[in-house]
S.K.: 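Before I ask anything, here is the structure I am working with.
Predicted model only: the values in this text are computed from it and were never measured. When a residue number appears, it is its place in the shown sequence, counting from 1.
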Amino acid sequence: MWGVATFLLAVTGSFHTHMLLRVVNGAALAAVAPAGQALLCDVIPEAERGKAFGLLQAVSTLCAGVCAALCAAMALVTVFGMAGWRVAYLMVCLLSAVVAGVVFT
């Protein structure tokens, strides 16, 4: 759901549609962390979960910071004839699809 909303954000041309999709995107993203934590509990032995949760949080925070910096840098440039902010959304969408493929296979 999050990846689909992100893709739609990249291709929408309307401000109102964009705002609605940001709400959908935020709601879908809010479900990602608890689902990831539940998956972690399913695959990591109880004695190792503290370290695994710490690593998950550290990596998530690092990735969020890097992604924010890269997306902000791309926002005002043109990439392959497209606005950079649209390309940034498409890159996040593609990464989401890759992660979903890894998790669900």
S.K.: Could you list the donor-acceptor pairs under 3.5 angstrom formed by side chains in residues 83-94, with sequence neighbours left out?
M.R.:
{"unit_1": "R86", "atom_1": "NH1", "unit_2": "A10", "atom_2": "O", "d": "2.6"}
{"unit_1": "R86", "atom_1": "NH1", "unit_2": "T12", "atom_2": "O", "d": "2.9"}
{"unit_1": "R86", "atom_1": "NH2", "unit_2": "T12", "atom_2": "O", "d": "3.1"}

S.K.: Cluster partners of F15, using ILVMFWY side-chain heavy atoms under 4.5 angstrom, listed by chain and number?
M.R.: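 Besides F15, the hydrophobic cluster comprises M19, listed by chain and residue number.
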S.K.: Side-chain donor-acceptor contacts of residues 54-76 below 3.5 Å, not counting sequence neighbours, with atom names and distances?
M.R.:
{"unit_1": "Q57", "atom_1": "NE2", "unit_2": "T61", "atom_2": "OG1", "d": "3.3"}
{"unit_1": "S60", "atom_1": "OG", "unit_2": "L56", "atom_2": "O", "d": "2.8"}
{"unit_1": "T61", "atom_1": "OG1", "unit_2": "Q57", "atom_2": "O", "d": "2.9"}

S.K.: Which hydrophobic side chains are connected to V98, either touching it within the sub-4.5 Å cutoff or through other members that do?
M.R.: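 Members other than V98 - counting any ILVMFWY side chain reachable under 4.5 Å - there are none.
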S.K.: Show every side-chain hydrogen bond (donor to acceptor under 3.5 Å, both in side chains) that has at least one partner inside residues 40-50, sequence neighbours left out.
M.R.: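 For residues 40-50, and leaving out neighbouring residues, there are no side-chain hydrogen bond (donor to acceptor under 3.5 Å, both in side chains) pairs at all.
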S.K.: Show me the donor-acceptor pairs, under 3.5 Å and distance only, between side chains in residues 20-40 and residues at least two apart or in other chains.
M.R.:
{"unit_1": "N25", "atom_1": "OD1", "unit_2": "W2", "atom_2": "NE1", "d": "3.4"}
{"unit_1": "N25", "atom_1": "ND2", "unit_2": "T6", "atom_2": "OG1", "d": "2.8"}

S.K.: Linking I/L/V/M/F/W/Y whenever their side-chain heavy atoms sit closer than 4.5 Å, directly or via other members, would L95 and V4 fall into one cluster?
M.R.: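 L95 does not cluster with V4.
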